[in-house]
Amino acid sequence: MQLSKRHSEILRILREDGACSVIELSKRLSVSLETIRRDVKPLALSGEVVKMHGAVALPYQMGEAPFERRMRENAEAKRAIARQAASHIQDGDSVMMDTGTTTSLLARELLKKRGLTIVTNSSDIARTLATVNGDTVFMAGGELHGDNGAAFGPSAIEFIQRFKVRHAIISIGAVDIENGMMDYRLDEAEFAATVLSRGDNAMIISDHTKFGRSGLVKVCDYSELDILITDREPDAGFRTVFEERDVKVEVAQS
């Protein structure tokens, strides 16, 4: 297809920011939602983009990007989510976290706390919090992923099952309105599900771009959560699901 100037702008935004909501595209391009939807339709038909629930992405971005690139994507929103999550954690609390860009940012927020007990499979989180402020850090062992430097597999799961913590916190790859919380790798999904089962307070931290995505592997049902922290108010469909499952949704302020 022959691209118009606005088509080219949509593709440029997606290359820079990853998945983007239709609402955000309309704001950034100063056109109506209906105009954006008309512009996206031929791009989707030609395979240039993939339409999701209220959002658009490039085809190769449907799976997870390398960890370092994901750390840069929506960084301001993720930092706001991390600050909100940290507000639930008090000095002396025990916290279990899986690997993820938002949990890594949360670890940096937890440098403001003292006397924490941390259980994680993330070498980044472990390095950030070990030997500071009287914290105690336990890191699961297992097969390391080159992308994120985290341990996975049966030994990692067996290790964290020995602990019971105050706060169990995971990030997530996809929030599917019908299937619940999902991820892209079986080992990561199994580890995340185990983390949630080991906490008195089960929390997911996820920016708005994960809503409407569908991952490959289910992590948990909505009913298994206590709190979900995100950066934008979910749409009506998701709000209804959260209310029906008694999930408290908090929207972090940048």
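We count residues from 1, following the sequence as given. Computed over heavy atoms, backbone and side chain alike; hydrogens, waters and symmetry mates excluded. From a predicted model like this one, the values you see are computed outputs, not experimental measurements.
- Annotation: ring pair (Phe, Tyr, Trp, His ring centres under 6.0 Å) contacts of Phe163 (sequence neighbours excluded): Phe138, Phe159.
- With hydrophobic clusters built from ILVMFWY side chains whose heavy atoms lie under 4.5 angstrom apart, Leu216 does not share a cluster with Val175.
- Note that OG1 of Thr128 and CG of Leu105 are 9.5 Å apart. Values are rounded to the nearest 0.5 Å.
- Glu190 is not listed as a side-chain neighbour of Phe152, based on a closest heavy-atom distance of 4.5 Å or more.
- At a threshold of 4.5 Å between side-chain heavy atoms, the hydrophobic network of Ile, Leu, Val, Met, Phe, Trp and Tyr places Leu45 and Ile36 in two separate groups.
- A salt bridge between Arg6 and Asp39 is present, with a side-chain N of the basic residue lying under 4.0 Å from a carboxylate O of the acidic one.
- Expressed to the nearest 0.5 Å, how far CD of Gln90 lies from CZ of Arg114 amounts to 14.5 Å.
- There is no side-chain donor-acceptor pair under 3.5 Å between Ser122 and Asp124.
- Identified under the salt bridge (Lys or Arg N to Asp or Glu O under 4.0 Å) test for residues 241-254, with sequence neighbours left out: Lys248-Glu250.
- The minimum heavy-atom distance linking Gly142 with Ser155 is given by the pair CA-OG, 3.4 Å.
- For Glu109, the side chain to side chain donor-acceptor pair (under 3.5 Å) partners are Lys112, not counting sequence neighbours.
- Each of Met182 and Val217 belongs to its own hydrophobic cluster when Ile, Leu, Val, Met, Phe, Trp and Tyr are linked at side-chain heavy-atom distances under 4.5 angstrom.
- Hydrophobic cluster membership of Ile89, counting Ile, Leu, Val, Met, Phe, Trp and Tyr whose side-chain heavy atoms lie under 4.5 Å apart directly or via other members: Ile81, Val95, Met97, Leu106, Leu110, Leu111, Leu116, Ile118, Ile125, Leu129, Val132, Val137, Ile169, Met203, Ile205, Ile227, Ile229.
- Between Asp183 and Arg213 there is no salt bridge, since no side-chain nitrogen of the basic residue lies less than 4.0 Å from a carboxylate oxygen of the acidic one.
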Report task. Could you walk me through whether His167 and Asp93 pass the side-chain contact (heavy atoms from CB on, under 4.5 Å) test, one step at a time? Result -> CA-CA 8 Å; His167 303 283; Asp93 273 351; 3.0 Å; yes
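- Between the side chain of Asn133 and the backbone N or O of Lys113 there is at least one donor-acceptor pair closer than 3.5 Å.
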Report task. Evaluate the criterion side-chain contact (heavy atoms from CB on, under 4.5 Å) for residue pair Leu29 and Glu9; output intermediate values, then yes/no. Result -> CA-CA 8 Å; Leu29 298 177; Glu9 281 296 292; 3.8 Å; yes
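- In this view, Lys164 satisfies the side chain to side chain donor-acceptor pair (under 3.5 Å) rule with no residue, not counting sequence neighbours.
- For the side-chain hydrogen bond (donor to acceptor under 3.5 Å, both in side chains) condition, the pairs that include at least one residue of residues 169-181, sequence neighbours left out, are Asp176-Asn179, Asp176-Ser214.
- Contact between Ala140 and Ala151 at its shortest, heavy atoms only, is O-CB, 3.4 Å.
- Taken from NE2 in His208 to CG in Asp235, the straight-line distance is 12.0 Å, to the nearest 0.5 Å.
- Remark: Asp135 pairs with no residue by the side chain to side chain donor-acceptor pair (under 3.5 Å) rule, at least two apart or across chains.
- Annotation: salt bridge (Lys or Arg N to Asp or Glu O under 4.0 Å) contacts involving residues 19-33, sequence neighbours excluded, comprise Asp17-Arg28, Glu24-Arg232.
- Under the rule for a side chain to side chain contact (heavy atoms under 4.5 Å, CB included), the partners of Ser32 that lie at least two apart in sequence or sit in another chain are Glu34, Thr35.
- The main-chain N or O of Gln161 is found under 3.5 Å from a side-chain atom of Arg198 such that the two form a donor-acceptor pair.
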Requested in this report: Let me see the working for Leu228 and Thr230 under side-chain contact (heavy atoms from CB on, under 4.5 Å), right down to the final yes or no.
Outcome: CA-CA 7 Å; Leu228 185 144; Thr230 187; 3.9 Å; yes
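- Considering CD1 of Ile170 and CG of Leu225, their distance stands at 7.5 Å, rounded to 0.5 Å.
- Residues passing the side chain to side chain donor-acceptor pair (under 3.5 Å) test with Arg239, sequence neighbours excluded: none.
- Applying the ring pair (Phe, Tyr, Trp, His ring centres under 6.0 Å) test to Phe238 and every residue at least two apart in sequence or in another chain returns His53, Phe211.
- In this structure, Val49 is a member of the same hydrophobic cluster as Leu33, with clusters built from ILVMFWY side-chain heavy atoms closer than 4.5 Å.
- Counted within 6.0 Å of CD1 on Ile23, heavy atoms from surrounding residues, nucleotides or ligands total 12 or fewer; the atom is thus considered open.
- Scored by the side chain to side chain contact (heavy atoms under 4.5 Å, CB included) test, Ala193 finds Val219 as partners (sequence neighbours excluded).
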**Report entry** Step-by-step side-chain contact (heavy atoms from CB on, under 4.5 Å) determination, Val56 to Cys20
**Finding:** CA-CA 5 Å; Val56 187; Cys20 192; 5.8 Å; no
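- Met139 and Met96 sit in two unconnected hydrophobic clusters of ILVMFWY residues. Membership requires side-chain heavy atoms under 4.5 Å apart, directly or through other members.
- When all heavy atoms are compared, the tightest approach of Ser197 to Thr194 is OG-O, 2.7 Å.
- His7 has its side chain within reach of Pro42: a pair of non-hydrogen atoms, C-beta onward, lies under 4.5 Å apart.
- To the nearest 0.5 Å, atoms CG (Asp98) and OG (Ser104) are separated by 9.5 Å.
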